[in-house]
Amino acid sequence: MNCESYEDLLGDYVDGARAADRPGDERLAAFERHLAGCAACQALVADFTRIRGMASMLEEHVPPPRLWATIAASIEERRRNAFSAWVPVAVAASLALFIAGATWLAWRHEPSQGPQQAAAAVEPGAVPVEQHYEEAIAGLQQLAESQDASLDSETRAVLKENLAVLDRAISESRAALADEPANALAQESLLDALDTKVALLQDTVALATDTCSLLNAAADAEKELNQ
Amino acid sequence: MRTADLELAARCRAGDADAFEELYRQHARRLFSLVMRMVGSAEDAEDLVQEVFLQAHRKLAGFRGESTLGTWLYRLTMNHCLDHLRGRQAKMSRATGSFDDEDAIEPVAPAPMVPQAISRLDLERAIDALPPGSRAAFLLHDVEGFEHREIADILGISEGTSKSQVHKARLKLRTLLRR
């Protein structure tokens, strides 16, 4: 066989493959026999081994510290955009549910309401989950307020406005439930508004935390550059 | 390894900024070095590595752990590099030569041998002169230390093609370094 037919094996040989370690590999054994008597292949093996050795010792190029700061800033910007797009949708969905619940309640106040419907209704004031929401909201609100300074004024204004809309929806749901405590749809509307508020506060806290991390990363990068 | 990768990917997907920074710190140096050698310019390398990590951030939801996070990142990186080089070549509007310019590979020639002492700079310059396809395989194999099956996965080629590309790269380097 000629030298070219051993091209793949010559590469394997340079990478450390030996017939002694691969019993039964007849091609590799044949190549080693060929190599022993072929000056051209011996020269190739020597040169390739030298090139491989030098290549493995090439130094790493170090990325500049600003690279991470730029990447982190881009991710943050994308997150903010996604967040801004999400909030109006969530508020709109919450309001739609509230309106549906309120409409249904109004319909229920019509004189056609029968005794069977009242009997099937849930016990008055039985919204056990609501308390969990209230506790979660209180904790998150405290956390969000403590990190409020991390957010820019525009974001703070959007959040405040959306929280006010949700609070109005919650108050109105509660007023409707005060009139008719057993109404399942009104309860659902209230819980949905509470759920949306929890999600909004969670995102607020996450956004504030990320902003803090980003500012710290940028400060570290600047410090590193100045050193 | 895979479990750690999946956990890190899950943390990144959950919006954990520290987790994504951890991913960056684990891989940025090697990826930046690879991109520098692929495109030959620090400015382009910065832009490309930035694009790779932003794409990784978007695509992490699709990471299922079939390969390691490292291999997955290398795949994104090499796709970006090769696209970039194709774009650059298209801009140059060269009428002759394919993207991988097979004609540039010289046939096997016996002595003289590559000098015993090759300077790092000479080797870097010679690597820069390789056609993109064989440069990619050579960098992944001889510089980064990947095995041919891993290179096949990263570049979307067969193991045999990876071996052949590395062989061609070594032949070309041999010629360039003997001058």
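Lettering of chains follows the sequences in order, A, B, ..., and the numbering in each one begins at 1.
- To the nearest 0.5 Å, atom CE of residue A/Met54 and atom CG of residue B/Asp122 are 8.5 Å apart.
- Neither the backbone nor the side chain of B/Val166 comes within contact range of chain A; no heavy atoms are under 4.5 Å apart.
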May I have the step-by-step check of side chain to side chain contact (heavy atoms under 4.5 Å, CB included) for A/Leu67 and B/Tyr24, ending in yes or no?
CA-CA 10 Å; A/Leu67 184 54; B/Tyr24 174 85; 3.5 Å; yes
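- A pairwise comparison of heavy atoms in A/Ile71 and B/Gln50 identifies CG1-CG, 3.7 Å as the closest pair.
- Counting heavy-atom pairs closer than 4.5 Å to chain A, the top residue among B/Met36, B/His57, B/Arg58, B/Glu147 is B/His57.
- Atom CD1 in B/Ile127 sits 5.0 Å away from atom CG in A/Leu58 (nearest 0.5 Å).
- Here the shortest heavy-atom pairing between B/Arg170 and A/Ile51 reads O-CD1, 3.8 Å.
- Side chains of A/Glu60 and B/Phe32 form no contact here, defined as non-hydrogen atoms less than 4.5 Å apart.
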When you look at A/Leu44 and B/Leu171, which way does the side chain to side chain contact (heavy atoms under 4.5 Å, CB included) test go after all the steps?
CA-CA 8 Å; A/Leu44 269 183; B/Leu171 275 179; 3.7 Å; yes
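- The choice from A/Cys41, A/Gly53, A/Pro64 that makes the most heavy-atom pairs within less than 4.5 Å of chain B is A/Pro64.
- Looking at B/Leu34, there are no atoms closer than 4.5 Å to chain A (heavy atoms on both sides), in backbone or side chain.
- In this structure, the portion of B/Phe138 lying under 4.5 Å from any heavy atom of chain A is its side chain and not its backbone.
- We find the CG-CZ distance between B/Leu54 and A/Arg78 to be 5.5 Å, quoted to the nearest 0.5 Å.
- Using a 4.5 Å cut-off between heavy atoms, B/Ser162 does not touch chain A at all.
- For a residue to count as touching a neighbouring chain, one of its non-hydrogen atoms must lie under 4.5 Å from one of that chain's; by this rule B/Glu124 touches chain A with the side chain only.
- Only the side chain of B/Leu123 comes within contact range of chain A, judged by heavy atoms closer than 4.5 Å.
- Pairing each heavy atom of A/His61 with each of B/Ser33, the nearest pair is N-OG, 2.7 Å.
- Residue B/Arg37 touches chain A through its side chain alone, counting heavy-atom pairs closer than 4.5 Å.
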Please lay out, stage by stage, how A/Asp12 and B/Lys163 fare under the test side chain to side chain contact (heavy atoms under 4.5 Å, CB included).
CA-CA 9 Å; A/Asp12 287 348; B/Lys163 284 186 180 187; 3.1 Å; yes
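- B/His141 NE2 to A/Asp15 CG: the interatomic distance, rounded to the nearest 0.5 Å, is 3.5 Å.
- For the pair B/Arg174 and A/Ala43, the tightest heavy-atom approach, listed with the atom from each and the gap, is NH2-CB, 3.5 Å.
- Applying the salt bridge (charged side-chain N to carboxylate O under 4.0 Å, His left out) criterion to B/Glu144, with sequence neighbours excluded, gives B/Arg30.
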Check step by step if side chain to side chain contact (heavy atoms under 4.5 Å, CB included) holds for A/Thr70 and B/Glu46.
CA-CA 10 Å; A/Thr70 313; B/Glu46 260 187 69; 5.9 Å; no
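- Here B/Arg120 is the residue among B/His148, B/Glu51, B/Arg120 with the most heavy-atom pairs under 4.5 Å with chain A.
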